[in-house]
Amino acid sequence: MTEQRPKPISAAKNKLIITKIIVIYSAFFLVLKLSAIFQGGWIASNLLVASPIVLLGLLGFYFLKTNSTNWVYAIGSIVVISSMRYYEQDLILWVHNTMA
């Protein structure tokens, strides 16, 4: 009577939860960047820096609608979002100086 239970970290439910968190965070990040623009921030710089995270959110929304989540997307999104947030200010300044 031993049941085969999946490991907690690799359960399919966890992929779904992580994908939902990424989609919600991407929407929040877009609202944050739009708020920064309305408060006088640089338009092009903020939108260009937000675009990879918004694209990941749209891709995650597609995965949720088709019910086909995967670990590559989840882990890749975590890495991209973390690095974008860490280097956000440097990227905004670099994009603004490059475009100006």
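In what follows, residues are counted from 1 in the order of the sequence shown. In this text the structure is predicted, and so the values were computed from the model without any measurement.
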[atom1]/[X]: more than 12 non-hydrogen atoms of other groups inside 6.0 Å:
X: D90; atom1: CG; result: yes
X: K15; atom1: NZ; result: yes
X: I43; atom1: CD1; result: no

Worksheet item: Looking at OG1 of T69 and NZ of K13, how far apart are the two atoms once the value is rounded to the nearest 0.5 Å?
Response: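 Here the interatomic distance stands at 13.0 Å.
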
Discussion item. What's the separation between atom OG1 in T19 and atom CH2 in W71, rounded to the nearest 0.5 Å?
Written reply: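 These two atoms lie 8.5 Å from each other.
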
Find out if a path of hydrophobic residues (ILVMFWY) with successive side-chain heavy-atom gaps under 4.5 Å connects [X] to [Y].
X: F28; Y: Y86; answer: yes
X: L91; Y: Y25; answer: yes
X: L30; Y: L59; answer: no
X: V80; Y: I22; answer: yes
X: I81; Y: I18; answer: yes

Worksheet item: Given the rule in the side-chain contact (heavy atoms from CB on, under 4.5 Å) test, do F29 and M84 qualify, once you have shown the distances and angles that lead to the verdict?
Response: CA-CA 11 Å; F29 191 75; M84 289 293 292; over 6 Å; no

Worksheet entry | Side-chain donor or acceptor of Y73 paired with backbone N/O of L56 under 3.5 Å |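 Present.
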
Worksheet entry | Listed once per pair and sorted, the side chain to side chain donor-acceptor pair (under 3.5 Å) pairs that draw on residues 46-56, sequence neighbours left out |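 Matches after skipping sequence neighbours: K33-N46.
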
Discussion item. With side chain to side chain donor-acceptor pair (under 3.5 Å) as the rule and sequence neighbours excluded, what pairs involving residues 91-100 come up?
Written reply: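 Not a single pair qualifies under side chain to side chain donor-acceptor pair (under 3.5 Å).
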
Worksheet item: If every non-hydrogen atom of S26 is compared with every non-hydrogen atom of I53, which pair is closest and at what distance?
Response: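 Heavy atoms of S26 and I53 come nearest at OG-O, 3.0 Å.
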
Item to complete: Please say which of L48, I37, I92 ends up in a side-chain contact (heavy atoms from CB on, under 4.5 Å) with W42.
Response: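 With W42 as partner, L48, I37, I92 yield a single side-chain contact (heavy atoms from CB on, under 4.5 Å), made by I92.
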
Worksheet entry | Residue list, side chain to side chain contact (heavy atoms under 4.5 Å, CB included) with V31, at least two apart or on another chain |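 V31: no side chain to side chain contact (heavy atoms under 4.5 Å, CB included) contacts found.
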
